[in-house]
Number of protein chains: 2
Amino acid sequence: MVKYLFKIQEKIVPEMITLAEVRYTILRTINFNQPVGRRTLAGLLDISERNVRNELKFLEEAGLITVTPAGAMIADSGMNFLGELDKYIKELKDINILEERLKRVMGLEEVLIVPVGLEHDSVEKEIGRQAADYLRELLKDGDILAVSGGFTLAQVANSMKTSDSSRNIIVVPGQGGIGEKVEIQANTIAAEIAKKLGADYRMLHIPDNIKKENLPVITSDPAVKQTLDYLKKANILIHGIGGAEDMALRRSMPRETIQHLLDLGAVGEAFGLYFNEKGEVVFATSSVGLGPEDLKEVGRVIVVAGGVNKARAIISVVSPDYHDMLITDELTARELLKLKGGEVKKDR
Amino acid sequence: MVKYLFKIQEKIVPEMITLAEVRYTILRTINFNQPVGRRTLAGLLDISERNVRNELKFLEEAGLITVTPAGAMIADSGMNFLGELDKYIKELKDINILEERLKRVMGLEEVLIVPVGLEHDSVEKEIGRQAADYLRELLKDGDILAVSGGFTLAQVANSMKTSDSSRNIIVVPGQGGIGEKVEIQANTIAAEIAKKLGADYRMLHIPDNIKKENLPVITSDPAVKQTLDYLKKANILIHGIGGAEDMALRRSMPRETIQHLLDLGAVGEAFGLYFNEKGEVVFATSSVGLGPEDLKEVGRVIVVAGGVNKARAIISVVSPDYHDMLITDELTARELLKLKGGEVKKDR
DNA sequence: CCTTGCGGTAACGTTTATGTCCCGGTGTAT
DNA sequence: ATACACCGGGACATAAACGTTACCGCAAGG
């Protein structure tokens, strides 16, 4: 019914579809970069300054943003409205249909696709925002949430709104430190998400490249042990995905190890595990935390990954056996469908 | 769901609602007045010629109209699309909600409200068109359709599309001639509708102001008798409504009779019967055809009436006992709700 | 056969929107 | 303290859109 009416609408007022998208993108961009001025906005998106100016005026008059001397800021009502707009734009751009198709092809319970706008900025912030919104609604009292590290997850943590009310939730890192920058380590992210949610959290302090024979010593540490116990009891897990080579490089592996990895056919990485195209684990970093078998125990496993270049990695890692949900962007979704053999007909 | 999305849309692209209405109205007006040129259109609606020009160009490029040397004509696809647009605009303007409310207040099974555009032309053509469309879809083989006279019904007949395939339907006039001009007599209208539908029809030739004692003579005439028989078997009836005073004047009643009518409280007229505000028949023109009791026998009674000034007459005539459906325009619908005590809150 | 009315196209002056640049102010990093 | 980057608002030339008028062709009606 909705789609039917939208089709009629597109025929009678086709120009408005573009306009709606532009305003949506502007509002979205302000949301992240606030406070931001019109010139910066015009540069960020590919719109003329004048045009941005007009749209800013419109958005201000609609009460969605406030314009301060420091730049445009999103208003409270604008914040709320952005959430509504997400749904609207999805309907407009047929993203719901994309979601259904991808859900079927990947064998997942749920798929969330964020529309890609005209910002030449990365879409990862946007994925992060919507993942964060989704998580916030999902979490209930008593939940134990496990999170991985990575850039995408950092975005999730970063764009999560702050709750005033504290909730009876515990956030735990899904893995120890594995030679990453602090901002994108699972520990840091777990802590930040917990803080935003008003929840509790546990840390998993494990040194890099720990020798296997020393593992028992570490895991017998009471603090570590407690965290690991929570981890086993986690009922929600959200994690990112990396390209195999990228991750190996980022973790400064020796060159021959990387070559070895690639020879084994590794294309995707998650949790220190490297997967080949068939979805088999071909290599595992000696790390502490969740293993592939543990994922099956977790009630709801959400994977967040965006960017067309990550498509192959996503396919290698995501499996109906482990995962329940995928959050990605429109372009990547289309690429996934293409790779999976599903024809990507733009049916509008 | 639809309404929800439209609300969002109205906030993010409010200008398009006007635009959609303008284009709708133009398409609609072309449909009636074709072939019609820019200037005439600009005069008919209250839009500048330049604006009309742009919209015509748009509509032509969309393939909805064709521009001939004689003026703009609606294309086949435009015809079909107009039907879709009706539904869309209804949704947009919350007419569906209006319909539901009016249905409840009037106690009818169905209500059809046509959106009022910006043409200062009468809306009766528009009501006629939509009533005709509705009728066309409603009628099935074997149906016997009874029609009344009147200006509105003439519009219905006039704007009905011609069917190539003939249908096994019989159209009969619901009343004899009662001193009207030929074009709006039931006989004429029945014949025209039958022709458009590719159906059969019967006439009811009865002189005006026939004396009661002569009735048996007339009704014993085989042709008349046959028509009356069909009339009794009619399963669908569509009729108009007149203001009591207007109708009396049109039928050139003597002044004292009119005064008598008004003293009796007559406000509405249908089928030569005059109704007071309570819906009681206070006066009956001596005419042959359907009486109030017959209406109850007819499966589906549709009343067509538009114009705010007819609101009181509509209320007096239309009753759940006799009627199943009302077709009117937006403004009149709002007026009816107001008169019936239903608050007319514009909830958008 | 001519007038009249309505059609499209073209032209033109005016208004409005657009792209661009500059200015004064402000917060921040040096 | 100073320089810098960025802010909103204003200014202005230019381009586009608009409203209006004029013109020509065609068909209907006198």
Side-chain angles (χ1 to χ4, degrees), chain A residues 12-23 25-75 77-78 118-121 125 183, chain B residues 12-23 25-75 78 118-121 125:
Chain A
I12 195 71
V13 275
E15 51 270 64
M16 81 102 224
I17 180 171
T18 327
L19 189 58
E21 282 187 55
V22 166
R23 287 183 181 160
T25 314
I26 291 182
L27 197 58
R28 211 196 212 180
T29 313
I30 291 176
N31 183 36
F32 285 124
N33 304 67
Q34 57 182 309
V36 63
R38 74 176 124 87
R39 254 182 298 270
T40 316
L41 269 177
L44 235 44
L45 323 170
D46 261 330
I47 316 179
S48 76
E49 186 189 324
R50 218 358 155 56
N51 218 313
V52 170
R53 203 165 168 172
N54 292 339
E55 298 309 339
L56 279 189
K57 188 170 161 231
F58 168 84
L59 291 171
E60 188 181 11
E61 279 169 4
L64 299 175
I65 62 171
T66 49
V67 175
T68 70
M73 309 265 285
I74 195 157
S77 64
L118 32 80
E119 60 269 69
H120 36 210
D121 202 344
K125 282 184 180 175
E183 326 73 272
Chain B
I12 195 70
V13 275
E15 50 270 66
M16 79 102 225
I17 181 169
T18 329
L19 190 57
E21 280 186 54
V22 167
R23 288 184 181 159
T25 315
I26 291 183
L27 197 58
R28 212 195 211 180
T29 314
I30 291 177
N31 184 35
F32 285 123
N33 306 66
Q34 56 181 311
V36 63
R38 268 205 298 276
R39 259 184 294 271
T40 317
L41 268 178
L44 236 45
L45 321 171
D46 261 330
I47 316 179
S48 76
E49 188 188 323
R50 206 26 144 70
N51 219 315
V52 171
R53 192 164 166 179
N54 293 337
E55 298 310 340
L56 280 189
K57 189 171 161 230
F58 169 84
L59 291 172
E60 189 180 11
E61 279 170 5
L64 299 174
I65 62 170
T66 48
V67 176
T68 71
M73 309 267 284
I74 194 156
L118 32 79
E119 60 270 70
H120 37 212
D121 201 345
K125 281 185 181 176

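Here is how names work: the chains are called A, B, and so on, in the same order as the sequence lines, proteins then strands, and each is numbered from 1. In what follows, every heavy atom counts, from backbone to side chain, and hydrogens, waters and symmetry copies are set aside.
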Over all atoms of both residues, closest heavy-atom pair of [X] and [Y]:
| X | Y | value |
| --- | --- | --- |
| I30(B) | A72(B) | CG2-O, 3.8 Å |
| L19(B) | E15(A) | CD2-OE2, 3.6 Å |
| P35(A) | A70(A) | CB-O, 3.8 Å |

Requested in this report: Determine: side-chain N/O of S48(A) to OP1/OP2 of dG19(C), distance under 4.0 Å, yes or no.
Outcome: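 Yes, within the criterion.
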What is the separation between atom [atom1] on [X] and atom [atom2] on [N], rounded to the nearest whole Å?
| X | N | atom1 | atom2 | result |
| --- | --- | --- | --- | --- |
| R50(B) | dT15(C) | CZ | C1' | 13 Å |
| M73(A) | dG8(D) | CE | P | 12 Å |
| N33(A) | dC7(D) | CG | C1' | 15 Å |

Query - Partner residues of A75(B) under the side-chain contact (heavy atoms from CB on, under 4.5 Å) criterion, sequence neighbours left out - result: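 For A75(B) the side-chain contact (heavy atoms from CB on, under 4.5 Å) partners, ignoring immediate neighbours, are T66(B), S77(B).
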Requested in this report: Report the residues that fulfil side-chain contact (heavy atoms from CB on, under 4.5 Å) with A42(B), sequence neighbours left out, ordered by chain and then residue number.
Outcome: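 A42(B): side-chain contact (heavy atoms from CB on, under 4.5 Å) contacts with E49(B), V52(B).
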Report task. May I ask you to list the residues of residues 53-67 of chain B, by number, that have any heavy atom positioned under 4.0 Å from an atom of DNA chain C? Result ->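 The answer is R53(B), V67(B).
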Of the nucleotides [options], which has the atom closest to the [X] side chain?
| X | options | value |
| --- | --- | --- |
| R39(A) | dT21(D), dC7(D), dA11(C) | dC7(D) |
| E49(A) | dC21(C), dG19(D), dG19(C) | dC21(C) |
| T40(B) | dC21(C), dG7(C), dC7(D) | dG7(C) |

Requested in this report: Mark up nucleotides 24-30 of chain C, 5' to 3', with B wherever a protein heavy atom is under 4.0 angstrom from a base atom, S wherever such an atom reaches only the sugar-phosphate, and - elsewhere.
Outcome: -------
Query raised in the report: Got a sec, which residues hit salt bridge (Lys or Arg N to Asp or Glu O under 4.0 Å) with R50(B), two or more places apart in sequence or on another chain?
Result: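 Testing R50(B) for salt bridge (Lys or Arg N to Asp or Glu O under 4.0 Å), a comparison that skips the adjacent residues, returns none.
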Query - Pairwise distance CD1(I26(B)) to CD1(I47(B)) - rounded to 0.5 angstrom - result: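 It is 4.0 Å, given to the nearest 0.5 Å.
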Report task. Scan residues 51-67 of chain B for pairs that pass salt bridge (Lys or Arg N to Asp or Glu O under 4.0 Å), counting only residues two or more places apart or in two chains. Result ->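 Listed by first then second residue: R23(B)-E55(B).
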